[in-house]
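Quick note on labels: first sequence line is chain A, next is B, and so on, each numbered from 1. Hydrogens, waters and symmetry mates play no part in the numbers below; they use all other heavy atoms, side chains included.
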Amino acid sequence: MKQQLEDLFTQAIDQLKADSIIPPEHEVRLMFERTRQKEHGDFATNVAMTLTKAIGKNPRDIAQLIVAAIPSNALITETNIAGPGFINVFLAQDARYEVLNTIFVEKDAYGLAPENSKRKIMVEFVSANPTGPLHVGHGRGAAYGDALARVLSAAGNTVEREYYVNDAGRQMDILACSVWLRYLQANELSLTFPSNAYQGDYIVEMGADLKIQHGNEYCIDESKIDKISEHLAASIQGADEETTKSAYEKSIDQLITLAKTELGEGGFTIFFRRAIDSILADIKDDLSGFGVDYDTWFSEKSLFDNGKIMAAIEQLKQSDHLYEKAGAWWFRSTAFGDEKDRVVVRDNGQPTYFASDIAYHKDKVDRGFDECINIWGSDHHGYIPRVKASMQALGLDENKLNVLLVQFAVLYRSGEKIKMSTRSGKFVTLRELREEVGVDAARFFYAQRKSEQHMDFDLDLAKSQSNDNPVYYVQYAHARICSIFRQASERSIVVENLSAADFSLLNGEHESKLLSLLQRFPELVETAAKNYEPHQLNYYLRDLATAFHSYYNSTKFLDSDQPQREAMLALCSAVKQVLVNGLTIIGVSAPEKM
RNA sequence: GUCCCGGUAGCUCAGCUGGAUAGAGCAGCCGCCUCCUAAGCGGCAGGUCGGAGGUUCGAAUCCUCUCCGGGACGCCA
């Protein structure tokens with residue numbers, strides 16, 4: 001619809017260029033918007049006003065010229081020039097009903113661009129460290145990432161979802177070590193569980209499980225652990241905060257070293273695998289229950305095992321992007337505009353997390369995506385320059401990487417902010433939220449805000465199943481339409497051939513409003529995808545539901561005469577279809593009854 | 001100190017990339033079920049778009065400065 005209008009106006013402008021009224025080389029930006037008031041017609045354009053400088057006439061005169069140059073057509077019934085120089089366009093009635101035919105033909109595909117007709121895009125999201133269950137903070141990334149993937153796919157792109165599993169590095173060692181210590185406690189060794197190890201109950205359970213499986217096979221002389229604790233106690237005696245913190249970190253590193261030497265590679269792996277396997281299985285199950293399914297679970301460890309990290313480091317060394325300082329290898333990221341250079345290999349020979357990231361992003365680009373979208377917590381924004389710098393250094397197109405930041409939701413319970421920490425094990429889990437609030441409400445709630453917007457998540461409100469939650473409002477519109485059709489069949493009213501109804505009977509105010517909203521849907525999907533803003537769907541769906549509820553309250557569908565009734569039911573059916581299509585994109589169900 | 005995000009109705013937030021009289025939901029007030037779902041509808045009230053400059057036919061939207069709030073700046077991941 002908009003496209004057809006644009007074509008007509010483009011022809012008019014080309015004509016004016018041919019007549020040298022508009023300088024032929026001048027690039028004209030043609031934009032239509034839907035009018036807010038019906039006195040302004042269906043569409044309006046400001047194109048005449050943008051041309052004042054190029055032509056040197058006043059905008060109303062230019063508008064005259066453009067209107068006069070529009071080729072004859074069946075679409076536009078009237079134009080007028082209003083205000084400072086808007087051109088208001090009134091469309092033919094028939095053109096307004098066309099959308100119903102389109103919906104009846106395209107059904108589930110209405111509003112969607114042809115599948116796989118555009119670019120190949122990867123969306124990497126959540127990617128939480130597998131050190132514990134997902135919490136509600138991850139929920140936002142999950143809901144946003146998945147909705148974004150769906151909307152990009154709806155807009156015709158080929159989309160793959162990927163979860164980057166950080167199954168390598170120090171955090172994983174700490175995790176494995178935590179499980180081991182809990183296992184020792186299960187074997188009734190008395191030891192102080194470090195405050196900076198993972199505290200969660202799930203770690204205690206794993207320790208207990210492993211005791212059942214392996215008895216005391218992996219127990220050691222507890223004095224060795226005591227020695228570490230004593231050393232720690234001594235070094236924090238009267239120390240300042242900084243020193244204390246670092247002493248704790250050193251202490252846990254000593255525990256890791258102890259565990260690795262005492263248990264050997266094989267023994268340590270038992271604790272490591274037990275921890276990561278069960279946590280990862282839990283995360284997968286959790287996300288799947290949230291309606292989020294991944295194409296790829298990408299292991300960081302695999303980048304070590306297949307040598308890709310070393311290869312990337314080697315390439316950077318060869319090209320002189322790395323230098324050695326104080327025993328560590330540094331990446332010269334300042335050469336690409338980063339604030340400072342970054343360590344890639346620590347003085348102990350261990351590659352940093354950043355080293356994995358360099359190899360990971362190279363791998364992504366090598367897999368042939370046109371665009372790689374990373375959804376990161378906003379606390380990671382400082383990493384963007386260095387990752388992009390590394391891509392440049394490796395000769396990759398850094399514009400293929402698009403990092404979108406998600407602000408963490410701030411949780412409130414009884415009006416109080418909730419503090420959360422993964423290591424301390426104090427958090428509201430995503431699973432808990434799902435079970436208490438329901439997937440639909442949670443996803444709708446999360447997807448309601450722009451990603452980078454700060455968000456207050458009121459748990460009481462979300463959990464209370466109250467009517468305040470807008471998801472019910474939209475779903476209710478769908479359920480109501482289903483109910484109308486159920487009633488129709490109970491009354492033996494035929495609803496078979498609605499697409500053949502006389503749509504010209506749909507000329508009431510509510511009906512015009514609905515038709516115009518339905519027509520807007522494809523454009524909305526397109527702009528939501530273009531701007532990475534799935535939340536636009538939420539607002540659209542609310543508008544559509546509002547328009548329908550008003551219509552519903554003002555109309556008796558089934559008691560009307562047949563031609564009128566069929567036209568109205570056709571409209572209801574179309575609204576229902578678009579509600580379903582829109583809800584699907586944000587990952588929310590459309591119940592037939594509520 | 002540097003960087004990111006935000007400031008729009010009492011509260012939570014939209015605002016279609018610069019357009020015509022700034023919009024929803026909740027909270028408040030007044031109405032609507034003998035009738036297809038009242039998880040609904042209609043109405044009233046509520047605003048110096050944080051502030052000051054600038055860009056132009058036109059600014060909540062773009063630029064600069066400034067105030068307030070949140071967050072990030074490790075040989076952590």
Which part of the nucleic acid does [X] contact within heavy-atom distance under 4.0 Å: base, sugar-phosphate only, or nothing?
X       : answer
E339(A) : sugar-phosphate
S378(A) : nothing
R520(A) : nothing
Y539(A) : sugar-phosphate
A488(A) : nothing
N129(A) : sugar-phosphate
K450(A) : sugar-phosphate
Y552(A) : base

Establish whether the base of G71(B) is bridged to the side chain of D379(A) by a donor-acceptor pair shorter than 3.5 Å. no
Polar side-chain contact N88(A)-A20(B) base: donor and acceptor under 3.5 Å: yes
Under 3.5 Å for both donor-acceptor distances, Watson-Crick or wobble: does [N] have a partner, and if so which one?
N      : answer
C33(B) : none
G28(B) : C44(B)
U2(B)  : A72(B)
U61(B) : none

Aromatic stack H40(A)/A20(B): centroid gap under 5.5 Å, interplanar angle under 30°: yes
Between [N] and [M], how many Å separate the two [atom1] atoms, rounded to a whole number?
N      : M      : atom1 : result
A27(B) : C11(B) : C1'   : 7 Å
U48(B) : C32(B) : P     : 34 Å
G10(B) : C4(B)  : P     : 31 Å
G15(B) : A60(B) : C1'   : 8 Å

N531(A) side-chain proximity, nearest of U17(B), C57(B), A39(B): U17(B)
Among C75(B), C41(B), C57(B), which nucleotide has an atom closest to any side-chain atom of H549(A)? C41(B)
Does C33(B) sit syn or anti, given that only angles within 90° of 0 count as syn? syn
For U61(B), is chi within 90° of 0 (syn) or not (anti)? anti
Parallel, tilted or perpendicular, as decided by the 30° and 60° cut-offs, for the rings of F548(A) and Y552(A): tilted
Hey, is [X] close enough to [Y] for a salt bridge, meaning N to O under 4.0 Å?
X       : Y       : value
R491(A) : D559(A) : yes
D561(A) : R565(A) : no
R449(A) : E533(A) : no
E124(A) : K364(A) : yes
R34(A)  : D42(A)  : no

Hey, is the side chain of S554(A) poking within less than 4.0 Å of OP1 or OP2 on C41(B), counting only N and O atoms? no
5′-ward residue of the pair L405(A)/D341(A) relative to RNA chain B: L405(A)
If each of F43(A) and D559(A) is mapped to the nucleotide of RNA chain B with the nearest heavy atom, which maps nearer the 5' terminus, i.e. the 5' end? F43(A)
